[in-house]
Participant: 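Below you'll find the structure I mean.
Ligands are counted one by one from 1 in listed order, and the atoms in each one are counted from 1 as well. Everything numeric here is computed off the predicted structure, so don't read it as measured data.
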Amino acid sequence: MIIVLLGPPGAGKGTQGERLVARLGVPKVATGDVLRAAVKAGTRLGLEAKGFMDRGDLVPDRVILGIMKETLSSPETAKGVILDGVVRTEAQAEGLAGMLKEINRPLDAVLVFTIADDVLIARLSARTTCDHCQTPFMDMAPGTTCPKCGGHLVRRKDDEPDAIRRRLEVYTAQTEPVIHWFRDHGAKVVSVDAVGTMDEVEARALAALGR
Ligand code: ADP
Ligand code: ZN
């Protein structure tokens, strides 16, 4: 089962992705997490990605296509995978479609989380994120200890106002067209209203998947 999660930053893809992992029994891969881990570890990938990420820009397609390829060829994703934020440009959508064709696996669904910009800006500006397990929190100050893993809660650089604005612009300009690309190429694209409690949104996501 291969599911693509699309939606603007702050729409709750990560949270809902985790819930789908629990429900569907397949792992999740989030390119944002992979890249942040690489930045933290100081690898070449991380050094290349850091500037783009801090500004709120997309890292080059080539980098993402590499992560995608690795993900799909890993034994962990043999039963399926939830791709969270992995596809953000038409070139990446095309790349994914090509890779899936090559390994003869279908794309089961594209879930598009929809939400208004002002709600997103409010959410992202209030958010802190664990620098270890990456869990986001809405009501905890930077510097607090992560209740899940004991890590350190930080304000992500790209959750500063300028970068938030940039990420929303990038989403509209580069990622929204991906929704149409998938529709035009016969994928099952379903919108999920991302405003509501986490449980409500989860129920909508499951319904969208026919569960
Ligand atoms: P969000 O979706 O909330 O902006 P993520 O944690 O998913 O945050 O991603 C953080 C950053 O990682 C993005 O702003 C971008 O710089 C980079 N990134 C992640 N996925 C991709 C992708 N598919 N293509 C290009 N850049 C990406
Ligand atoms: Zn943590």
Participant: In this structure, does ligand 1 have an atom that sits under 4.0 Å from one of the heavy atoms of R55?
Facilitator: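 It does not; every heavy atom stays at 4.0 Å or beyond.
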Participant: Under 4.0 Å, heavy atoms only, figure out whether ligand 1 is touched by the backbone of V86, its side chain, both or neither.
Facilitator: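 Answer for V86: backbone.
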Participant: Return yes when atom NE2 of H132 has more than 12 non-hydrogen atoms of other residues, nucleotides or ligands closer than 6.0 Å, and no otherwise.
Facilitator: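 Counting other residues, nucleotides and ligands, NE2 of H132 stays at 12 neighbours or fewer.
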Participant: Any idea which part of D57 is under 4.0 Å from ligand 1, heavy-atom wise: side chain, backbone, both or neither?
Facilitator: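 Near ligand 1, D57 shows its backbone, while the atoms from C-beta on stay back.
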Participant: Under 6.0 Å from the ring centre and within 45 degrees of the ring axis: does the NZ or CZ of R167 meet both conditions for the six-membered ring of Y171?
Facilitator: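 Here R167 fails the 6.0 Å and 45° test against Y171.
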Participant: Looking only at protein heavy atoms, which one is nearest to atom 24 (N) of ligand 1, and how far off is it?
Facilitator: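 Looking at atom 24 (N) of ligand 1, the protein heavy atom closest to it is Q92 NE2, 2.9 Å.
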Participant: Start with the C-alpha distance between R55 and D162, add both sets of side-chain angles, then the distance that settles salt bridge (Lys or Arg N to Asp or Glu O under 4.0 Å), and finish with yes or no.
Facilitator: CA-CA 8 Å; R55 286 192 300 276; D162 284 349; over 6 Å; no
Participant: Side-chain contact test, heavy atoms from C-beta onward, threshold under 4.5 Å: evaluate it for F113 versus I115 and give yes or no.
Facilitator: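 Side-chain contact under 4.5 Å: no.
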Participant: In a check of side-chain contact (heavy atoms from CB on, under 4.5 Å) between R88 and each of V178, V170, L58, which one passes?
Facilitator: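 Checked V178, V170, L58 against R88; only one passes side-chain contact (heavy atoms from CB on, under 4.5 Å): L58.
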Participant: Looking only at distances, please establish whether an N/O atom of ligand 1 is found under 3.5 Å from an N/O atom of R36.
Facilitator: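 N/O-N/O distance under 3.5 Å: yes.
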Participant: Identify, for atom 12 (O) of ligand 1, the protein heavy atom at the shortest distance, and state residue, atom and that distance.
Facilitator: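 Going by distance alone, atom 12 (O) of ligand 1 is nearest to M53 CE, 3.5 Å.
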Participant: Taking C-beta and beyond as the side chain, do V29 and I82 meet within less than 4.5 Å on heavy atoms?
Facilitator: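 Result no, sub-4.5 Å side-chain heavy-atom pair not found.
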Participant: Side chain, backbone, both or neither: which part of V59 comes within less than 4.0 Å of ligand 1 when only heavy atoms are counted?
Facilitator: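 For V59, the contact with ligand 1 is made by both the backbone and the side chain.
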Participant: How far is atom 18 (N) of ligand 1 from its nearest protein heavy atom, and which residue and atom is that?
Facilitator: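 Closest protein heavy atom to atom 18 (N) of ligand 1: L35 CD1, 3.6 Å.
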Participant: Apply side-chain contact (heavy atoms from CB on, under 4.5 Å) to the pair L96 and V4, showing each step before the final yes or no.
Facilitator: CA-CA 10 Å; L96 174 66; V4 167; 3.8 Å; yes
Participant: Under 3.5 Å between any N/O of G56 and any N/O of ligand 1: does that happen in this structure?
Facilitator: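 For ligand 1, there is no N or O atom that lies under 3.5 Å from one belonging to G56.
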Participant: Please confirm whether I64 comes within less than 3.5 Å of ligand 1 when only nitrogen or oxygen atoms on both sides are compared.
Facilitator: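 Min N/O separation from ligand 1 is not below 3.5 Å for I64.
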Participant: Measuring from atom 3 (O) of ligand 1, which candidate in K157, Q174, R167, M68 has the nearest non-hydrogen atom?
Facilitator: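 Looking at heavy atoms only, the winner is R167.
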Participant: Does atom CD of E70 have more than 12 heavy-atom neighbours from other groups under 6.0 Å away?
Facilitator: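 Atom CD in E70 is not packed in, count stays at 12 or less.
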Participant: Provide, to 0.1 Å, the distance between atom 20 (N) of ligand 1 and the closest protein heavy atom, together with that atom's residue and name.
Facilitator: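 The closest one turns out to be T31 OG1, 2.7 Å.
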Participant: Could you say whether the N/O atoms of L58 and ligand 1 ever approach to under 3.5 Å?
Facilitator: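 No; every N/O pair is 3.5 Å or more apart.
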Participant: Can you find a heavy atom in the side chain of V189 that is under 4.5 Å from one in the side chain of V112?
Facilitator: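 The answer is yes, as the side chains (C-beta and beyond) meet within the 4.5 Å cut-off.
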Participant: My understanding is that only one of R36, K157, K40 makes a side-chain contact (heavy atoms from CB on, under 4.5 Å) with K50; could you say which?
Facilitator: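 With K50 as partner, side-chain contact (heavy atoms from CB on, under 4.5 Å) holds for just one option, K157.
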Participant: Classify the contact between K50 and ligand 1 as side chain, backbone, both or neither, using a heavy-atom distance cut-off of under 4.0 Å.
Facilitator: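 Contact part for K50 vs ligand 1: neither.
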Participant: So, with waters excluded, how many protein N/O/S atoms does the Zn ion (ligand 2) have closer than 2.8 Å?
Facilitator: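 Of the protein's nitrogen, oxygen and sulfur atoms, 4 lie under 2.8 Å from the Zn ion (ligand 2).
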Participant: For atom 2 (O) of ligand 1, state which one of R127, R166, R88 supplies the nearest heavy atom.
Facilitator: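 The residue whose heavy atom sits nearest atom 2 (O) of ligand 1 is R88.
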